[in-house]
Structure formats: structure tokens, C-alpha cells
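Within every chain, numbering begins at 1; the chains are lettered A, B, ... in the order of the sequence lines, protein sequences first and strands thereafter.
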There are 2 protein chains.
Amino acid sequence: MVAQRGRRNGAGAAHKRTRPPGTPDADNAPTAEMPAVGENGADPEVRARAIPEAAVARLAVYLRVLSAMAEQGSTTVSSEELSSAAGVNSAKLRKDLSYLGSYGTRGVGYEVEVLVGQIERTLGLTRQHKVAVVGIGNLGHALANYGGFPGRGFPVEALFDIDPDLIGVPVGGLPVSHLDDIPRVCTERQISIGVIATPPAAAQSVCDRLVAGGVQCILNFAPVVLQVPEHVEVRKVDLAVELQILSFHVARRADNAEAAAGGVNGHVVDPAVMPS
Amino acid sequence: MVAQRGRRNGAGAAHKRTRPPGTPDADNAPTAEMPAVGENGADPEVRARAIPEAAVARLAVYLRVLSAMAEQGSTTVSSEELSSAAGVNSAKLRKDLSYLGSYGTRGVGYEVEVLVGQIERTLGLTRQHKVAVVGIGNLGHALANYGGFPGRGFPVEALFDIDPDLIGVPVGGLPVSHLDDIPRVCTERQISIGVIATPPAAAQSVCDRLVAGGVQCILNFAPVVLQVPEHVEVRKVDLAVELQILSFHVARRADNAEAAAGGVNGHVVDPAVMPS
DNA sequence: GTTTGTGAAGGGATTCACAGCC
DNA sequence: GGCTGTGAATCCCTTCACAAAC
């Protein structure tokens with residue numbers, strides 16, 4: 001087969017290590033961290049302009065920073081400026097942008113508008129992605145009221161809940177439908193992204209219905225690991241995990257402070273840290 | 001386990017590349033993706049029991065799965081079971097667990113309770129981490145009402161907002177204080193984690209006040225890149241970025257489908273673009 | 001002079017595959 | 001027989017450093 005990138009070419013089913021037929025992959029749902037970009041079930045021979053997953057995430061950040069700059073009237077930026085505003089280093093930024101093509105001018109920098117356009121195109125933001133929100137509790141409300149989600153392009157076009165008192169009630173201008181109608185409504189309205197904001201116990205069943213409704217991407221706020229068929233992409237936002245990661249860093253820091261106890265070094269150690 | 005682990009022996013301070021003295025690093029704030037775990041300003045000679053950042057995130061997931069299993073009465077698990085429930089592969093799981101030490105029994109598996117205990121210890125969940133939530137809008141409400149956050153260990157002990165109508169009003173049993181009081185209150189109550197759920201424009205200023213209040217970890221829901229001193233750890237949860245990553249995958253998938261010609265596939269909305 | 005774009009080098013994380021132990 | 005623990009290999013991402021372009 002083709003050159004080096006094809007480590008995955010057998011991807012379809014070939015060497016996936018004896019997989020119990022029920023289990024839908026288990027390799028997905030990558031901790032909201034780093035799913036390999038070539039990971040989905042697509043044909044490998046497509047000339048992947050393979051842009052690393054990590055870079056994709058950063059492009060979205062650059063886009064926001066650039067939009068803000070455009071609003072303030074900047075017309076060009078250097079990699080140095082942009083990178084520091086985005087919180088990365090300039091080499092990384094340049095490499096990321098290079099995946100889009102060559103849109104900079106040496107000795108000068110990048111034209112803000114050109115970059116915005118190219119990033120939008122690459123991220124697929126020139127299409128519309130209709131969103132459904134499931135679970136209209138506190139979080140669901142918050143999401144529904146974003147009303148058209150972050151900078152247009154992601155219109156919320158369906159809301160679902162199981163609570164009879166909520167059915168039919170408009171939230172953010174859109175009436176709430178019942179969970180049972182998820183497949184039908186999603187199909188009818190051509191929903192492409194489903195957002196799960198239900199309690200954990202309901203999440204898997206909601207997910208299944210979304211998938212039945214043809215939804216291909218799911219953003220999961222419920223603290224459960226969803227099982228999905230392999231053509232469905234899941235990202236998860238997990239509060240508990242985030243807090244526990246922070247906790248880990250606090251702990252490590254405390255340990256380090258202890259270890260460095262005698263050593264006088266320029267480290268700001270608040271002596272008030274809670275001694276367990 | 002003996003000295004064997006020493007592949008990092010050359011790791012001394014030797015090659016720390018000349019860093020331009022002014023630059024405040026810019027290396028931090030890593031897209032909520034993968035900050036290197038040894039990256040913070042600590043001394044390199046601390047005997048790091050270096051556990052990879054990516055593994056830390058997964059440990060939190062294993063912990064949740066294990067807790068559920070314990071509740072259901074399981075007393076032991078194999079790496080195969082646990083890994084598939086957690087959505088990773090078993091080799092990765094075993095490697096992750098090996099960072100904790102050797103707590104499995106060959107030919108048998110792991111004892112659920114032992115694992116829970118070890119993960120909790122490693123993640124620093126044996127201490128309490130007091131949380132402050134800033135910005136009591138829809139999202140802030142949702143967070144405050146979690147009431148004691150994911151499985152105890154993260155009690156919410158302070159709420160802040162700028163809206164005069166909210167000050168003093170109890171939310172989830174805790175009265176809301178004013179933004180101006182952030183530094184004082186955080187210091188008094190020994191808050192260790194600050195959660196920013198404000199509109200983007202307010203986020204940086206809120207962040208500064210949290211830092212002034214001695215908060216060392218920040219979980220940022222506002223769509224801005226925060227600038228913080230290097231001893232402060234930031235994680236961010238960015239809805240727009242998540243959606244745009246999903247958008248990218250939809251787009252790529254559509255491209256692939258096109259390329260693969262035949263093109264009988266799910267719906268991928270019209271090319272209704274939004275110019276400028 | 002400045003700044004981009006990119007091969008090449010370097011590090012981390014994942015996967016493989018098997019030795020070691022039950 | 002089964003399952004864990006882990007070196008070694010691999011892959012991916014980041015960083016370096018410099019040639020090319022303005």
C-alpha cells in the first residue's frame with residue numbers, strides 16, 4: 001500500500017485483535033484528549049491532508065484570537081504575536097498554520113482575514129452544523145440559551161428532555177420535545193451534532209437514540225464512557241476528570257515542595273497549604 | 001521494582017536551551033490538551049515519579065468505572081474488563097496502572113478496592129480541594145448546584161458574581177459574594193481551585209483576582225486564553241473548540257465520502273455558507 | 001533587516017509482544 | 001490454562017534551527 005502513513009490500512013477489521021462482537025471498539029472515546037486523526041472508519045487511500053488532531057484543537061483557538069484581532073482592526077499578525085496571544089510558542093503556531101497551506105508573507109506576517117478564512121474552511125465552518133441538546137436541566141438551559149452557540153455556525157435546532165412538565169415549553173425560543181422523539185426529530189431536522197447533558201444513567205440510552213437519528217457527532221457532558229459504533233465521533237467534557245487532574249497537580253506540587261524542603265530556591269510555596 | 005526505570009538519567013539541567021529572558025514562557029495553557037507533566041517551574045532534580053499527563057486523565061476515568069463496579073459488588077477485575085469499560089485498550093490500561101505500582105495479581109486481575117485506593121491517593125483525592133465558582137449565570141448555577149461536586153472531595157465553598165441583585169442570595173445553600181471580595185474570601189477560606197464561568201470579557205480580571213487570592217488551579221469555562229503566572233495551573237473547557245473539532249471531523253468525513261465517490265451516505269447539509 | 005516555512009532532531013505516548021508469575 | 005508487568009518498537013507531536021523569501 002501507499003507510503004508510511006498507512007499503518008492503519010488494515011483498519012477496517014483486519015488485525016483489530018480479537019474483538020468481542022458486541023463491544024463497539026472501545027478504542028474510541030479517547031479521554032477527550034487525543035483521538036488519532038486518521039482513526040475513523042474511512043478509506044485510508046483518501047489523500048489525507050492529515051492534519052494532526054492536536055493541531056486541529058489549536059486552530060480553533062487561533063481562530064478565536066484572530067477574530068478578536070480583526071474586530072480590533074488588525075490586518076496582519078506575525079507568528080510571534082499570534083502565538084503569544086494564543087498561549088503557544090511560535091514554532092508550533094507556524095507549523096500548525098503550515099498545514100493549511102502557505103498563507104504568510106516572509107518578513108511580514110499573516111493577513112488576518114486570509115487566515116480566518118482558511119481556518120474556517122479547514123475546520124468545516126463554512127457548512128452549518130445543526131445541534132440538538134438533550135437534557136434541559138441547569139446545564140442544558142445554559143447550552144440552549146447560548147442561542148446559536150459559539151459564533152454562528154452551530155444553530156441549536158432541537159431540545160429534548162424526559163420531564164413531562166418541560167415538553168412543549170420553549171427554552172431559548174425552541175420547544176422541548178420528548179426523548180422518545182429523538183430519532184424522528186433528528187432525522188427530520190438533519191441534526192449533525194448531539195449534545196448530551198443528562199444525568200449519567202440516561203446518557204447511554206440517549207446516545208443510542210441520537211445515533212439512531214443519524215447523528216454522527218456527540219458532545220458528552222455526562223460522566224460516563226459512551227459506547228458507540230465506529231462511525232460516530234464522541235468528544236467528552238468531564239468536569240470530574242478536569243478537577244481530578246487539577247487535584248493531581250496540587251498534590252504533586254505539594255510533594256515537590258516537601259521534597260525541596262531544606263533547599264532554598266525561588267519557589268513560591270505557600271506555607272498555608274492544607275496539611276492532610 | 002528496582003533502579004531499572006532510569007531511562008531519564010541524562011535528564012540533568014544541561015540542555016535547557018537559551019530562553020529569551022522576557023518571554024513569559026507562552027508554553028503553558030496548552031489547549032486543554034496535553035501539558036507536559038514535568039513542565040512546570042519545579043526543579044528537575046526532584047525525583048519525579050513522572051506519570052504522564054495523558055495517563056492522569058485516564059486514571060480519573062478508571063476511578064469512576066471502578067467505583068461503579070465496586071457498588072455493584074465486583075471485587076476483582078481483569079485489565080480486559082476494566083479497559084473495555086473505560087474505552088481504552090488493555091495494554092494502555094496496564095501501563096497506566098503500572099505507574100501506580102504493582103497492585104495486580106498475575107493470572108487473576110486487580111482487586112477493585114485496592115485500585116480505587118491507589119488511584120485516589122495518586123490523584124491527591126485524599127485531601128480536600130475547596131472550590132470557588134465565579135460567575136453565577138446559567139452555567140455557574142449548574143456548577144454550584146452540583147453541591148459538593150463530583151463525588152465528594154471538591155466542596156464548593158465560595159460563589160462570586162458582579163450582579164448586585166445576586167449578592168447575598170444563596171445558591172445551592174451558599175450566599176453569593178462580590179467579585180471584589182475574591183482575593184480576601186479565597187485567602188480566608190483557603191480555596192485551592194477556582195472555576196471561571198463568567199463572560200469572556202471578565203475572565204482575565206477574575207483570573208487575576210483568584211491568583212491574588214492564592215488560588216493555584218483554575219478551571220476556565222470562558223472562551224479566552226488566560227495569562228497566568230507560571231506556578232498556576234489552568235485547564236480549560238471550551239465549548240466552541242469542542243464543537244469545531246467535531247465540525248472538522250464531519251467535514252473530513254464528507255470529503256472522504258466524496259472522494260470515495262459512490263456517495264450514499266448520511267446527511268451533510270447544504271453548502272449554505274456564511275460569507276464574512 | 002525581518003519573518004515564514006520546513007527538514008531534522010528530540011521526546012512522549014501508544015502499542016507490541018513476551019517474560020514472569022499465578 | 002490465564003493475566004499482569006514491562007522492555008522495545010513505533011508512531012505522533014513538538015521543538016530546533018536555518019534556508020528561502022520578502
Look at [X] and [N] and indicate whether a side-chain polar atom (N or O) is within less than 4.0 Å of OP1 or OP2.
X	N	result
A:Asn89	D:dT14	no
A:Tyr99	D:dT14	no
B:Arg58	C:dT14	yes
A:Thr105	C:dT4	no
B:Ser79	D:dT4	yes

Distance from B:Glu120 atom CD to A:Ser247 atom OG, nearest 0.5 Å?
->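 Here the interatomic distance stands at 10.0 Å.
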Candidate list A:Ile119, A:Val61, A:Val114, test side chain to side chain contact (heavy atoms under 4.5 Å, CB included), partner A:Leu66, passing option |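 Answer to the side chain to side chain contact (heavy atoms under 4.5 Å, CB included) test with A:Leu66 among A:Ile119, A:Val61, A:Val114: A:Ile119.
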Between [N] atom [atom2] and [X] atom [atom1], what is the distance in whole Å?
X	N	atom1	atom2	value
A:Leu97	C:dG5	CG	P	8 Å
B:Leu93	C:dT15	CG	P	12 Å
A:Glu111	C:dT3	CD	C1'	15 Å
A:Asp96	C:dT6	CG	C1'	13 Å
B:Glu81	D:dC3	CD	P	9 Å
A:Tyr103	C:dT4	OH	C1'	15 Å
B:Glu80	D:dG5	CD	P	14 Å
A:Tyr110	D:dA21	OH	P	16 Å

Upstream residue (5' side of DNA chain D) when A:Ala55 and A:Val108 are each assigned their closest nucleotide |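 It is A:Ala55, whose closest nucleotide lies nearer the 5' terminus.
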Apply the side-chain hydrogen bond (donor to acceptor under 3.5 Å, both in side chains) test between B:Gln118 and each candidate in B:Tyr99, B:Tyr103, B:Tyr110; give the one that qualifies.
->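 Only one of B:Tyr99, B:Tyr103, B:Tyr110 forms a side-chain hydrogen bond (donor to acceptor under 3.5 Å, both in side chains) with B:Gln118, namely B:Tyr103.
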Residue [X], side-chain atoms from C-beta onward, closest of [options]:
X	options	answer
B:Lys92	D:dT15, C:dT14, D:dG5	C:dT14
A:Ser78	C:dT14, C:dT4, D:dT4	C:dT4
B:Ala91	C:dG5, D:dC13, C:dA17	C:dA17
A:Lys95	C:dG5, C:dC16, C:dA8	C:dA8

Side-chain touch [X]/[Y], heavy atoms, less than 4.5 angstrom:
X	Y	value
A:Pro229	A:Val211	yes
B:Tyr62	B:Leu115	no
A:Leu246	B:Ile218	no

What about A:Arg106: does its side chain form a donor-acceptor pair under 3.5 Å with the base of C:dT3?
-> no
In residues 113-120 of chain B, which ones come under 4.0 Å of DNA chain C, going by heavy atoms?
-> none
Keeping the roles fixed (side chain from A:Glu80, backbone from A:Ser90), state whether a donor-acceptor pair exists under 3.5 Å.
->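 Not a single qualifying donor-acceptor pair exists.
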Stepwise salt bridge (charged side-chain N to carboxylate O under 4.0 Å, His left out) check, B:Arg252 with A:Glu53 | CA-CA 12 Å; B:Arg252 190 168 51 83; A:Glu53 179 78 4; over 6 Å; no
